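Labels below follow one simple rule: chain letters A, B, ... track the order of the sequence lines, proteins then strands, and each chain is numbered from 1. Keep in mind that what you see is a predicted model, and the values were worked out from it rather than measured.
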Protein chains: 2
Amino acid sequence: MPPSTTAASAAAPSSTKSATSEGSEERFLHSPLAREVAFLTARARGRGNALANQLLADLDLKVRHFSVLAMACSGTNPSQRELGGFLDLDPSQVVALVDVLEGRGVIRREPDPRDRRSKILVATEAGQELYAQAARRTREAEDQTLKKLSSAERDQLRELLARIVF
Amino acid sequence: MPPSTTAASAAAPSSTKSATSEGSEERFLHSPLAREVAFLTARARGRGNALANQLLADLDLKVRHFSVLAMACSGTNPSQRELGGFLDLDPSQVVALVDVLEGRGVIRREPDPRDRRSKILVATEAGQELYAQAARRTREAEDQTLKKLSSAERDQLRELLARIVF
DNA sequence: TATTGTTATACTCTATAACTATA
DNA sequence: TATAGTTATAGAGTATAACAATA
C-alpha cells in the first residue's frame with residue numbers, strides 16, 4: 001500500500017468528534033460515491049494505512065518502509081527497479097527508502113551477477129527479526145480492519161482484489 | 001484512487017518498461033505482501049486513482065475534486081465538516097477544494113439555518129452538468145478496473161469493501 | 001542507444017497550529 | 001469551553017529531469 005499519508009488524521013482519536021460529524025456517515029451511505037469501488041478502496045487503504053502506521057510506530061517503521069523490508073525478506077531477490085514497479089514507487093523513492101533501511105542495517109544492496117548496473121535487495125539477520133515483529137503488527141492491523149468479515153469472506157476479498165490489481 | 005498522487009506514474013505509458021520489470025510481477029505474486037489486504041487495497045486505489053484522474057483530466061478535474069462535487073450533487077447537503085469526515089479530508093483541505101469548485105461556479109456554500117457557523121455545500125446547475133459528465137468518466141474507469149470480474153463479483157467486492165470501511 | 005541507480009529539484013498532498021465567529 | 005470554517009505554514013509523499021555506469 002503505498003504510503004502512509006492519510007494515516008494520522010484517519011486513525012486519530014475519535015473522542016473529540018462532534019455529534020454532527022458522527023451521525024452524518026449514515027446519511028451519506030446511499031450517496032452514489034459510497035457505491036464506487038474507487039472511493040471504497042481509497043477509504044480502505046486510508047484507514048488500513050493509518051492503523052498499520054500506528055501499530056508499526058514503536059518499531060520506527062512506516063508502511064512504505066515495511067513493504068520494502070517485506071520484499072527484501074521474501075526470498076524473491078528483487079532489484080530496486082523491480083521493487084519500484086511492484087510497489088508503485090518511483091525509482092528515486094526506492095533509493096530513499098533503501099538508504100534508510102540499509103542505514104539501519106536491516107537490508108543490504110547486493111550486486112547482481114547478471115547485470116552490474118542492477119542491485120539486489122536482501123534482508124540481513126537483523127532485518128529478518130525486525131520483519132517478524134513488524135509482520136505480527138500488520139497482521140493485527142489487518143485482523144482489526146477485517147473484523148466484520150468471516151474467514152471465508154476475507155479470502156474472497158483477497159481473491160477479488162488480487163484479480164483486479166495483478 | 002487516491003487521490004491523485006500516484007496517478008501519473010502508475011497510469012503512465014507502459015511502453016518503455018523493461019522486460020525485467022515486467023516479468024518480475026509473477027515472481028512476486030507468491031510473496032507474503034501480495035496476500036495482504038492493505039497492500040492490495042493500496043495498489044487498487046493507486047491504479048484506480050491514476051486511471052480516473054486520467055479520464056477526468058479533460059474536464060480539469062481530479063478525483064479529489066470530483067468527490068466533493070459528487071457529494072454536493074447527492075442531495076445530502078453536507079456541511080464542510082461532515083464532508084471532511086466522510087472523505088477523510090482535513091478541514092483545511094476541504095476549504096481549498098471548495099474554493100476551487102466554487103470559483104468555477106459548480107458548487108455553492110449556503111448558510112446552515114441550524115448553525116450559523118456551518119456552511120452547507122450544494123451544486124449549481126452547472127455543477128450538476130459537470131458532475132454528469134464526470135460521473136460517466138469515473139464509471140468508465142471503474143468498468144475498466146473491474147473488467148476481469150463478473151457483475152455478481154463486482155457487487156460482492158463492493159459489499160465486502162463497504163462492510164470494512166463503514 | 002537504452003537502462004539502473006542516483007541526485008537534485010519541484011510539485012502535490014497532508015497535517016498542525018492559530019485565529020474568528022459562532023454555539 | 002467547544003466547534004465550524006479559515007489561514008498560514010510546514011511536512012510528507014510523489015514526480016521530473018539530468019547524470020554516471022553499464023548494457
Side-chain angles (χ1 to χ4, degrees), chain A residues 1-13 15-22 24 42 45-46 49-50 53 62-65 67-68 78-85 87-100 102 109-121, chain B residues 1-13 15-22 24 42 45-46 49-50 53 62-65 67-68 78-85 87-100 102 109-121:
Chain A
M1 30 193 16
S4 38
T5 50
T6 318
S9 72
S15 54
T16 326
K17 281 187 179 177
S18 77
T20 315
S21 310
E22 291 283 277
S24 57
R45 103 105 200 186
N49 211 59
N53 275 330
K62 293 193 175 183
V63 171
R64 82 199 338 262
H65 301 95
S67 300
V68 174
S79 72
Q80 292 190 187
R81 186 66 57 164
E82 290 174 328
L83 189 79
L87 300 182
D88 272 344
L89 293 172
D90 200 83
S92 62
Q93 296 177 50
V94 175
V95 171
L97 290 168
V98 169
D99 279 349
V100 169
E102 193 172 41
R109 283 183 241 237
E110 295 199 341
D112 184 341
R114 260 108 165 145
D115 186 340
R116 281 187 298 177
R117 293 172 303 177
S118 175
K119 297 175 185 176
I120 304 272
L121 301 177
Chain B
M1 324 190 147
S4 38
T5 48
T6 316
S9 72
S15 54
T16 327
K17 282 186 177 176
S18 77
T20 316
S21 311
E22 291 283 280
S24 57
R45 102 104 198 184
N49 211 59
N53 275 330
K62 292 193 175 182
V63 171
R64 82 199 337 261
H65 301 97
S67 301
V68 173
S79 72
Q80 292 190 190
R81 185 67 55 161
E82 290 174 328
L83 188 80
L87 301 181
D88 272 345
L89 294 172
D90 199 82
S92 61
Q93 296 177 51
V94 175
V95 171
L97 291 168
V98 169
D99 280 349
V100 170
E102 194 172 40
R109 283 184 242 237
E110 293 200 342
D112 184 343
R114 260 110 165 144
D115 186 339
R116 281 189 296 178
R117 292 172 304 179
S118 176
K119 297 175 185 176
I120 305 273
L121 301 178

| query | Using a cut-off of 4.0 Å between protein heavy atoms and nucleotide atoms, how would you tag nucleotides 18-23 of chain D 5' to 3' with B, S and -? | reply | ---BBS
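Considering OG of A:Ser79 and CG of A:Asp115, their distance stands at 8.5 Å, rounded to 0.5 Å.
Taking atom CD of A:Gln80 as the reference point, atom P of C:dT7 lies 10 Å away to the nearest angstrom. The distance from atom CZ of B:Arg81 to atom P of D:dA2 is 15 Å, rounded to the nearest whole Å. At whole-Å resolution of the value, CG in A:Asp90 and P in C:dC11 are 16 Å apart. If you measure from atom CG of B:Leu121 to atom P of D:dG5, you get 8 Å, rounded to the nearest angstrom. A straight line from CG of B:Leu89 to C1' of C:dT16 spans 16 Å, rounded to a whole angstrom. Atom CD of B:Gln93 and atom P of D:dT7 are 15 Å apart (whole Å). Taking atom CG of B:Asp99 as the reference point, atom P of D:dA8 lies 11 Å away to the nearest angstrom. Atom CG of A:Leu97 is separated from atom C1' of D:dA12 by 12 Å (rounded to the nearest Å).
Taking each heavy atom of B:Glu82 and A:Ser24 in turn, the nearest pair found is OE2-CB, 3.4 Å. For A:Asn53 against A:Val63, the heavy-atom pair with the smallest separation is OD1-N, 2.8 Å.
A close approach under 4.0 Å does not occur between any side-chain nitrogen or oxygen of A:Lys62 and OP1 or OP2 of D:dA12. Close to D:dT6, at under 4.0 Å from its OP1 or OP2, lies a side-chain N or O of B:Arg109. Distances shown here put a side-chain N or O of A:Ser118 below 4.0 Å from the OP1 or OP2 atom of C:dG5.
Inter-residue side-chain proximity for B:Arg109 and B:Ile120 is flagged as unmet; no heavy-atom pair is nearer than 4.5 Å. A:Gln80 has its side chain out of reach of A:Ser118: every pair of non-hydrogen atoms, C-beta onward, lies at least 4.5 Å apart. Looking at A:Arg81 and A:Pro91, their side chains come closer than 4.5 Å, going by heavy atoms from C-beta outward.
The B:Ser92 side chain lies nearest to D:dA8 when the options are D:dG5, D:dA8, C:dA8.
Just one residue in the list A:Asp90, A:Val98, A:Leu97 forms a side chain to side chain contact (heavy atoms under 4.5 Å, CB included) with A:Val94, and that residue is A:Val98.
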